[in-house]
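These notes are about the structure you will find just below.
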Amino acid sequence: LEETGLTGLGLLLVFGVLVLFSLVRNVRSSRLPVRSAAYGLAFGLLAILIQSFSDFGQHVPANAFLSAIFCALVLSLARQSKGQRTGFRFPSFVTCLLIIGVCGLWAWSLLDADRARRAEACWAKTRDIEKTLVKHRWRGSEAEYAELLAGVGTAIKHQPDNVTYRYRHAAYRWHAISQTKDLRTGTAAIAEDATSEVRDIVASLCQACLTCPTYGPSYSLAGQIERFVLNDPNGAENIRRGFRLAPSDPVTCFAAARLDVLEGRTQESVPKFKKAVTLDRGLFRDTVDVFVYQLSRPLSAISIAGDDIGRLSHVASVLDSMLYLDLAEQVRAKIKGLLEVKCSQPETSASALAQLGNIYSHEGNDKAAAECYRKALAREYGQIQWRLELARLLARAGKVPDAMVEAKICLQLRPQLKAAKTLVEDLSVHPELLAGQAKSR
């Protein structure tokens with residue numbers, strides 16, 4: 001259904017009915033013992049059908065060949081009658097031609113499979129680099145992009161008609177020259193001398209669209225460059241076409257939402273932004289930038305963040321930068337409430353406890369903050385920064401001996417930690433600690 005549409009599905013159903021009819025005929029016949037093999041064939045086909053409801057099992061050559069053989073055996077058994085040998089026999093020369101043809105097809109398939117293997121191996125070498133660049137929001141060195149493009153370029157040489165490789169190659173080239181963005185417009189800041197390269201990237205994407213006219217990301221990226229960078233109004237249609245062809249691709253969703261914003265259809269953009277963020281968490285920051293910097297709709301950014309503490313924290317920092325101070329405080333209050341609920345549960349993570357302790361510390365509630373850090377350290381003993389913060393809280397609360405113990409543990413865990421050394425030195429001359437030492441003498 002996904003690859004051939006309703007026509008292919010209809011043909012497959014007709015074929016399935018024929019196989020099912022042959023199975024029933026085999027089971028109902030008792031004249032030929034060989035027909036009892038239909039039971040085993042039926043269970044085998046049933047197993048592969050059940051598996052195919054949740055996976056593309058027929059893409060595995062072994063499964064596909066075995067399914068075809070099973071169906072052929074079922075149909076062949078249904079045509080057998082008592083005393084019949086095998087069926088129609090081809091002349092010898094026809095059989096030889098068929099064997100030669102099958103061998104040629106098999107050799108061609110093996111060569112094509114080897115080219116695919118080589119191409120995949122080249123592309124696989126670049127995936128670690130791509131993951132690193134994605135973490136840094138595609139900010140990387142020339143050497144990283146050169147290695148990335150070289151790997152995909154070699155993959156294209158092995159499989160020139162692979163649209164995924166062609167699209168990736170163009171996308172990497174685009175990311176390499178568009179690392180700087182304008183927050184107010186959300187578009188890339190391209191140098192004037194790079195215009196020719198930008199147009200060449202669009203041309204390569206258009207070629208990829210010709211290679212595979214149903215691959216949506218190629219249309220979407222070409223349209224984004226045309227509409228948002230080259231100011232070509234025809235790019236809008238490519239963005240919309242890419243979204244229609246690949247509505248489950250996060251980047252095409254995000255591009256279609258940006259186009260809606262540019263064309264004044266802000267309400268229509270919100271569900272697309274939400275879908276893009278749901279499909280790819282990495283697009284959340286870009287979405288917040290659009291709502292806060294371009295649309296001045298901070299409430300929409302807060303809504304998309306939902307109850308995710310990490311997202312809410314980012315939204316609060318962005319709101320601070322744009323002087324939405326009241327909203328930023330509301331977001332922090334929401335974060336505090338969520339953390340308090342989360343930390344009241346038995347299986348709370350240490351990081352959540354430390355976050356709540358940090359909030360209490362900023363509010364001046366040293367006692368509650370210290371308790372949160374103690375619980376966090378009980379779960380993760382080796383977190384030096386949390387222990388150092390606990391020592392400072394204890395010192396601020398006047399519990400100097402306890403603070404000294406925590407500070408010394410920090411030095412035991414990391415002897416060269418300058419902040420811990422400074423804290424130990426300051427606490428060593430604290431009047432309370434000196435008075436305690438004098439009494440002990």
- Heavy-atom neighbours of Asp55 CG exceed 12 at 6.0 Å: yes

- Near Glu142 CD, under 6.0 Å, is it more than 12 heavy atoms from other residues, nucleotides or ligands? no

- Task: For the residue pair Ser344 and Glu340, confirm or rule out a side-chain donor-acceptor distance under 3.5 Å.
- Result: no

- Query: Less than 4.5 Å apart, any side-chain heavy atom of Glu406 and any of Arg374?
  - Reply: yes

- Task: Decide yes or no on side-chain contact (heavy atoms from CB on, under 4.5 Å) for Arg117 and Glu120, but give the supporting numbers first.
- Result: CA-CA 5 Å; Arg117 179 190 62 81; Glu120 187 66 20; 5.9 Å; no

- With Glu226, which residues qualify under salt bridge (Lys or Arg N to Asp or Glu O under 4.0 Å), at least two apart? none

- Output all residues satisfying salt bridge (Lys or Arg N to Asp or Glu O under 4.0 Å) with Asp232, sequence neighbours left out; order by chain, then residue number. none

- Query: How are the rings of Tyr172 and Trp138 set to each other: parallel, tilted or perpendicular (split at 30° and 60°)?
  - Reply: tilted

- Message: Tell me whether Arg387 contacts the main-chain N or O of Tyr381 through its side chain, where contact means a donor paired with an acceptor under 3.5 Å.
- Response: yes

- Query: Are Val17 and Leu13 side-chain neighbours, meaning at least one heavy-atom pair lies under 4.5 Å?
  - Reply: no

- Arg115/Asp112 under side-chain contact (heavy atoms from CB on, under 4.5 Å): CA gap, chis, key distance, verdict: CA-CA 5 Å; Arg115 286 193 295 268; Asp112 189 61; 3.3 Å; yes

- Message: Once rounded to the nearest 0.5 Å, what's the spacing between atom CG of Leu283 and atom OG1 of Thr278?
- Response: 10.5 Å

- Item | Minimum-distance pair of heavy atoms, taken over all atoms of Arg168 and Val152 | CB-CG1, 4.4 Å

- Output the distance between atom OG (Ser141) and atom CG (Leu133), rounded to the nearest 0.5 Å. 8.0 Å

- Task: Determine, step by step, whether Tyr324 and Ser296 satisfy the side-chain contact (heavy atoms from CB on, under 4.5 Å) criterion, reporting the C-alpha distance in whole Å, the side-chain angles of both residues, the deciding distance to 0.1 Å, and the verdict.
- Result: CA-CA 10 Å; Tyr324 290 108; Ser296 298; 3.9 Å; yes

- Task: Test Val292 against every option in Leu327, Ile302, Val318 by the side chain to side chain contact (heavy atoms under 4.5 Å, CB included) rule and name the one that passes.
- Result: Val318

- Message: Tell me which pairs pass ring pair (Phe, Tyr, Trp, His ring centres under 6.0 Å) where either residue lies in residues 329-351, with sequence neighbours left out.
- Response: none

- So how far is it from Glu371 CD to Asn365 CG, rounded to the nearest 0.5 Å? 11.0 Å

- Message: By the salt bridge (charged side-chain N to carboxylate O under 4.0 Å, His left out) test, which pairs, at least two apart or in different chains, include something from residues 195-211?
- Response: Arg173-Asp200

- Provide the closest heavy-atom pair for Gln51 versus Gly57 in the form atom of the first, atom of the second, distance. OE1-CA, 3.4 Å

- Message: With a 6.0 Å cut-off (strictly less than), is the heavy-atom count around CG of Leu325, excluding the residue itself, greater than 12?
- Response: yes

- Message: Measuring from atom CG of Asn358 to atom CD of Gln385, what distance do you get when rounded to the nearest 0.5 angstrom?
- Response: 11.5 Å

- Which atom of Ala38 lies closest to which atom of Asn26, heavy atoms considered: CB-CB, 3.5 Å

- Could you go step by step and tell me if Gln224 and Ser220 meet the side chain to side chain donor-acceptor pair (under 3.5 Å) rule? CA-CA 6 Å; Gln224 291 176 65; Ser220 180; 3.3 Å; yes

- Quick check: does any side chain N or O of His136 sit under 3.5 Å from a backbone N or O of Thr132, one acting as donor and the other as acceptor? yes

- residues 260-288 vs ring pair (Phe, Tyr, Trp, His ring centres under 6.0 Å), sequence neighbours excluded, gives Phe254-Phe273, Phe273-Phe291

- His362: ring-ring contact (aromatic ring centres under 6.0 Å, His included) partners, not counting sequence neighbours: none

- Item | Partners passing side-chain contact (heavy atoms from CB on, under 4.5 Å) against Arg137 (at least two apart in sequence or in another chain) | Arg139, Arg285, Asp286, Asp289

- Task: Please name all residues satisfying ring-ring contact (aromatic ring centres under 6.0 Å, His included) with His169, sequence neighbours left out, ordered by chain then number.
- Result: none

- Query: So, Arg244 and Glu237, do they make that salt bridge, N to O below 4.0 Å?
  - Reply: yes

- Kindly indicate whether the side chain of Leu295, heavy atoms from C-beta on, has any atom under 4.5 Å from the side chain of Val290. yes

- Query: Is there side-chain contact between Tyr360 and Lys367, with heavy atoms separated by less than 4.5 Å?
  - Reply: no

- Message: Would you say that Leu148 contacts His175 through its side chain, given a criterion of any heavy-atom pair below 4.5 Å between the two side chains?
- Response: no

- Check the pair Leu262, Arg227 against side-chain contact (heavy atoms from CB on, under 4.5 Å), reporting the backbone distance first and the verdict last. CA-CA 10 Å; Leu262 189 65; Arg227 183 65 183 89; 3.3 Å; yes

Which atom pairs, one a donor and one an acceptor, fall under 3.5 Å between side chains of residues 66-75 and the rest of the protein, sequence neighbours left out?
| residue | atom | partner | partner atom | Å |
| --- | --- | --- | --- | --- |
| Ser67 | OG | Gln58 | OE1 | 3.3 |
| Ser67 | OG | Gln58 | NE2 | 3.2 |
| Ser67 | OG | Asn63 | O | 2.8 |

- Item | Gln383, CD atom: more than 12 neighbouring heavy atoms under 6.0 Å | yes

- Distance, nearest 0.5 Å, that separates OG of Ser313 from CD1 of Ile359: 7.0 Å

- Item | Pairwise side-chain contact, Lys275 with Pro247, heavy-atom cut-off 4.5 Å (strictly under) | yes

- Task: Indicate the atoms forming the closest heavy-atom contact of Ala370 with Leu393, along with that distance.
- Result: N-CD1, 3.8 Å

- Might you point out which heavy atoms bring Pro298 and Leu319 nearest each other, and give the distance in Å? CB-CD2, 3.4 Å

Return a table of donor-acceptor pairs under 3.5 angstrom between the side chains of residues 202-217 and protein atoms on other chains or two or more places apart.
| residue | atom | partner | partner atom | Å |
| --- | --- | --- | --- | --- |
| Ser204 | OG | Ile201 | O | 2.6 |
| Thr211 | OG1 | Gln207 | O | 3.0 |

- Is there a donor-acceptor contact under 3.5 Å from the side chain of Asp280 to the main chain of Gly282? yes

- Message: Strictly distance-based, threshold 3.5 Å: is any side-chain N or O of Ser361 a donor or acceptor partner for the main-chain N or O of Gly357?
- Response: no

- For the student: nearest non-hydrogen atoms of Asn238 and Arg241, plus distance: OD1-NH1, 2.9 Å

- Determine whether Arg240 and Leu259 make a side-chain contact, defined as any pair of heavy atoms from C-beta on separated by less than 4.5 Å. yes

- Short question: side chain of Lys274, backbone of Ser303 - any donor-acceptor pair under 3.5 Å? no

- Tell me, please, which residues at least two apart from Lys334 pass salt bridge (Lys or Arg N to Asp or Glu O under 4.0 Å). Asp307

- Task: State, yes or no, whether a side-chain contact exists between Trp123 and Thr154 at a heavy-atom distance under 4.5 Å.
- Result: no

- Query: Just by modelled atom types, is the Asn162 backbone N or O under 3.5 Å from a matching donor or acceptor in the Arg166 side chain?
  - Reply: no

- Message: Any side-chain to backbone donor/acceptor pair from Thr348 onto Lys342? Under 3.5 Å, distance only.
- Response: yes

- Note on the structure: The salt bridge (Lys or Arg N to Asp or Glu O under 4.0 Å) partners of Glu144 (sequence neighbours excluded) come to none

